[in-house]
Amino acid sequence: MSTVPDPTPPTDFIRERIRSDLQSGRVQRVVTRFPPEPNGYLHIGHAKAITLNFSIAQEFGGRCHLRMDDTNPAAEDQEYVDGIQADVRWLGFQWDAMYYAADYFDQLYLWAEQLVQKGLAYVDDQDVDAIAATRGTLTAPGTDSPFRGRTPAENLDLLRRMKAGEFQDGSRVLRAKIDMAHANVHLRDPVLYRIRHLPHQRTGNRWCIYPMYDWAHGQSDSIEGISHSLCTLEFEVHRPLYDWFCDALGIQKPQQIEFARLNVEYLLTSKRRLLQLVEGGVVDGWDDPRMPTLRGLRRRGYTPEALVAFCKHVGVAKFNSTHEFGLLEFFLRDHLNKTALRRMAVLDPLRLVIDNWPAGQVEMVDAQNNPEDPTAGTRQVPFSGELLIERDDFLENPPKDFFRLAPGREVRLRFGFFVRCTGVDKDATGKVTAVHATYDPATRGGNAPDGRKVKATIHWVSAPHALQAEVRLFEQLFTVPDPAAAENFLAVVNQNSKRTVSGWLEPSLRDAKGGERFQFERLAYFYCDHKDSRPGAPVFHRTVTLKDAWAKAQKKAGG
RNA sequence: UACCCCGUGGUGUAAUCGGUAGCACAGCAGGUUUUGGUCCUGUUAGUUGCUGGUUCGAGUCCAGCCGGGGUAACCA
């Protein structure tokens, strides 16, 4: 699946740990899981976690589960549950089992009663502010709740009444009885259950108390027989609690291992901020082609293969790093180069009139669909005396290192003929409105029988045959590589991140279907939008430009 | 000021139980080319955060220091 094969099997601290667990016999079978909370759509950061968990299961002949971490109905929605499943499938992974934390609510509650009976949990009547105030700070210990000394019997009665719906939201919580002076604040009597009279997308109105992350996650892993519970670095300080609960309940204890989350220049991977972009109308939705969400990347034209190859390449470590955006582009271009069909399109047109072309004549020329893939075949493209070329491909007074069309110069029209520029038309302001040329009939197909060479090949489209279509050109959504570090990330939004132009495309593109990817030769890779395209009226999204040595040199020379 | 984690070329990431630093991307320079794309070749760049210590030998072990990150939701 990966287009850039990794010659050596991946070695990293997680796989090393798994190998040693297998060797020591602590683990017989590798079982991993991807546990998203259905409160938003998946983004590229999740792609790393998904790739990691599913690949490890594959490599070790184990299983990987998809589990909705749906313990907070206030934030979650069925829309996201469906979206997440679709996105994981799109990436190319299939879970061995689909689970929901909500399906464990009964078991979780039974365990809570167990903890209460053991004297390891109590009902606290303090409100949220009081609990926060008595938790202490990072440097100062907390103080015991006045309700900490309740008897197991009293706690059990209160817990049952909490569950029965006798109390109002926020009036009581169930807390673990650990140590209010612990150096790790997560062990200072963490909250296990809060009261929320809210329907849950999966359990309806059956519950009015919902478990907190810490109380639900480790046990969910344990129930599913997860061998290695992989999560990001910020959960490192939760691990002692994860272990404490499993030990207190005497259940199988998975090994939590933390790794650094994925960071890529110019991309935001904070659900909160992405939500702000969507709700603030900065982008057109979760699937806006500028979004780093999987559905956004998909509409932009990214391939799942490129994303997975990228995720595999970056590997996994504990060091907090940020990858250059260019690395992502490398994997994208690498896959697209091998798979995308070539087409010709002019986005900034300049008329090219071939004065010695027989009036009204049209010839069909053969064009290769993909030089990287001979099996992709060829197509026919109409050639006439009225063409459109890219304005960038003509210069009236060219510098010595400009190889394209200029007065007196001869170039090759890709798959067509050699043409020599004989003059230009200008408007009152001096702007070139058309270029005149003569063609050499002997060069049909693009080769001169006399062996003469040209310095450049440019793309073109026959004006009378061209299909005009909407083409959306995207740039980075942010003007700085690290938008998350900005005082206000909305202030560094790139105002030119989306530009819509009317492109002139070769006629075969009229049949382009949503979801298809093309390379518009010499320009960029484009995705036929599956959302806005209509039969006969495709809409294209620029996925990523081709590398452009000329533009780069120009930019360098210009300062 | 508490606890935990981390620190290898521009960016990332490797280096079996310690044996003198590899790979990818980026950069630069050539070559090939009907895409100034692709491909091929070569090349620049690291005193492995610092200082000590152990050792015949340390990126790998120990100590101290410096730097970065995480953690105080009835979020996950």
Side-chain angles (χ1 to χ4, degrees), chain A residues 4 6-8 10-12 35-37 39 69-72 74-76 124 126-129 131-132 135-142 169-175 182-188 191-196 209-210 212-214 216-217 231-240 258 260 265 271-272 313-331 333-334 337-338 342 344 367-368 371-372 401-404 412-416 418 443 445-447 453-459 519-524 545-553:
Chain A
V4 175
D6 260 327
T8 54
T11 61
D12 53 64
E37 181 188 15
N39 68 342
D69 218 344
D70 54 354
T71 58
N72 182 10
E76 299 150 8
D124 194 340
Q126 295 184 108
D127 64 21
V128 58
D129 296 327
I131 288 177
R135 185 159 16 238
T137 67
L138 293 177
T139 54
D169 286 7
S171 61
R172 284 178 174 78
V173 292
L174 181 71
R175 289 229 257 173
H182 203 286
N184 180 341
V185 296
H186 294 279
L187 272 337
R188 319 241 262 227
V191 171
L192 270 39
Y193 276 102
R194 74 284 215 183
I195 301 172
R196 287 279 179 283
I209 58 172
Y210 290 97
M212 298 288 291
Y213 165 83
D214 286 305
H217 203 89
C231 62
T232 44
L233 252 28
E234 66 268 27
F235 290 99
E236 216 151 23
V237 288
H238 290 248
R239 179 157 28 95
E258 311 85 13
E265 287 178 349
K271 275 193 205 169
R272 199 190 100 252
H313 176 87
V314 302
V316 55
K318 302 198 77 160
F319 179 61
N320 236 309
S321 59
T322 301
H323 290 83
E324 288 176 339
F325 190 78
L327 187 66
L328 216 204
E329 287 185 317
F330 167 78
F331 283 97
R333 291 192 183 108
D334 186 61
N337 176 48
K338 291 166 183 150
R342 272 56 170 177
M344 290 198 284
Q368 249 185 314
E372 303 295 316
D401 53 352
F402 180 84
F403 304 149
R404 281 107 96 150
R412 171 166 44 231
L413 293 177
R414 176 137 241 228
F415 304 126
F418 281 14
T443 58
N447 282 306
K453 303 290 184 195
V454 288
K455 298 269 285 192
T457 299
I458 65 175
H459 59 95
Q519 181 197 104
F520 289 178
E521 295 219 25
R522 303 208 307 130
L523 296 176
T545 61
L546 252 34
K547 283 212 279 185
D548 188 343
W550 169 245
K552 191 164 133 189

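Proteins get letters first, then strands, A, B, ... in listed order; numbering begins at 1 in each.
With values rounded to the nearest 0.5 angstrom, Leu413(A) atom CG is found 10.5 Å from His459(A) atom NE2. Here the CG-CZ distance, from Leu546(A) to Arg333(A), works out to 7.5 Å after rounding to the nearest 0.5 Å.
Comparing A14(B) with U32(B), their P atoms sit 39 Å apart, to the nearest whole Å. One P atom belongs to G59(B), the other to U48(B), and the distance between them is 7 Å to the nearest Å. Rounded to whole Å, the separation between the C1' atoms of C28(B) and G69(B) comes to 34 Å. U13(B) sits 8 Å from U8(B) when the P atoms are compared, rounded to a whole Å. Here the separation of C17(B) from G31(B), taken at their P atoms, is 46 Å to the nearest Å.
Here Phe403(A) lies parallel enough and close enough to stack on the base of G36(B), with planes under 30° and ring centres under 5.5 Å apart. Stacking between Tyr213(A) and A76(B) is absent: the aromatic ring centre is not both under 5.5 angstrom from the base six-membered ring centre and within 30 degrees in plane angle.
When distances run from any side-chain atom of Phe330(A) to the nucleotides A76(B), U35(B), A26(B), the shortest one goes to A26(B). With distances taken from any side-chain atom of Lys547(A) to the nucleotides C74(B), U38(B), C5(B), the minimum falls on U38(B). Nearest nucleotide to the side chain of Thr139(A), out of A2(B), G12(B), U71(B): A2(B). Picking from C75(B), U8(B), U11(B) the nucleotide with the shortest atom distance to the side chain of Met212(A) gives C75(B). Distance from the side chain of Arg342(A) is smallest for G37(B) among the nucleotides A72(B), G37(B), C74(B). Closest to the side chain of Asp127(A), out of A76(B), C5(B), C74(B), is C74(B). Across G7(B), U35(B), C75(B), the shortest atom-to-atom separation from the side chain of Phe319(A) is found for G7(B). Here the nucleotide nearest the side chain of Glu372(A), chosen from G37(B), C74(B), A76(B), is G37(B). For Phe402(A), whose side chain is taken as the heavy atoms from C-beta onward, the closest listed nucleotide among G36(B), C74(B), G27(B) is G36(B).
Residue-to-nucleotide proximity on RNA chain B shows that, of Val173(A) and Glu234(A), the 5′-proximal contact is made by Glu234(A). The residue among Leu523(A) and His323(A) whose nearest nucleotide of RNA chain B is located toward the 5' end is His323(A).
Contact annotation: Thr11(A) reaches the phosphate of A15(B) (side-chain N/O to OP1 or OP2, under 4.0 Å). OP1 or OP2 of G37(B) has not a single side-chain nitrogen or oxygen of Arg333(A) nearer than 4.0 Å. Within the structure, a side-chain polar atom (N or O) of Ser321(A) is placed less than 4.0 Å from OP1 or OP2 of U13(B). The shortest distance between the side-chain N/O atoms of Arg135(A) and the OP1/OP2 oxygens of U71(B) is not below 4.0 Å. Taking 4.0 angstrom as the limit, Arg194(A) places a side-chain polar atom (N or O) nearer than this to OP1 or OP2 of A76(B). For the OP1/OP2 pair of G27(B) and a distance below 4.0 Å, the side-chain nitrogens and oxygens of Lys552(A) include at least one atom meeting the criterion. Regarding contacts with the backbone of C4(B), every side-chain N or O of Lys318(A) stays at 4.0 angstrom or more from both OP1 and OP2.
The six-membered or imidazole ring of Tyr213(A) lies near that of Phe235(A), with a centre-to-centre distance under 6.0 Å.
No donor-acceptor pair under 3.5 Å is formed between the side chain of Arg172(A) and the backbone N or O of Asp124(A).
Pair check for G10(B) finds C25(B); Watson-Crick or G-U wobble, both atom distances under 3.5 Å.
Using a 4.0 Å cut-off between a side-chain N of Lys or Arg and a carboxylate O of Asp or Glu, Glu236(A) and Lys318(A) qualify as a salt bridge. Using a 4.0 Å cut-off between a side-chain N of Lys or Arg and a carboxylate O of Asp or Glu, Asp548(A) and Lys552(A) do not qualify as a salt bridge.
Residue contacts shown for Glu324(A) include a base, since a base heavy atom lies under 4.0 Å away. When heavy atoms are screened at a 4.0 angstrom cut-off, Val237(A) is found touching base atoms of the nucleic acid.
Using modelled atom types, one finds a donor on one side chain and an acceptor on the other under 3.5 Å when comparing His217(A) with Asp69(A).
One can place CD of Gln519(A) at 6 Å from C1' of G37(B), the figure rounded to the nearest angstrom.
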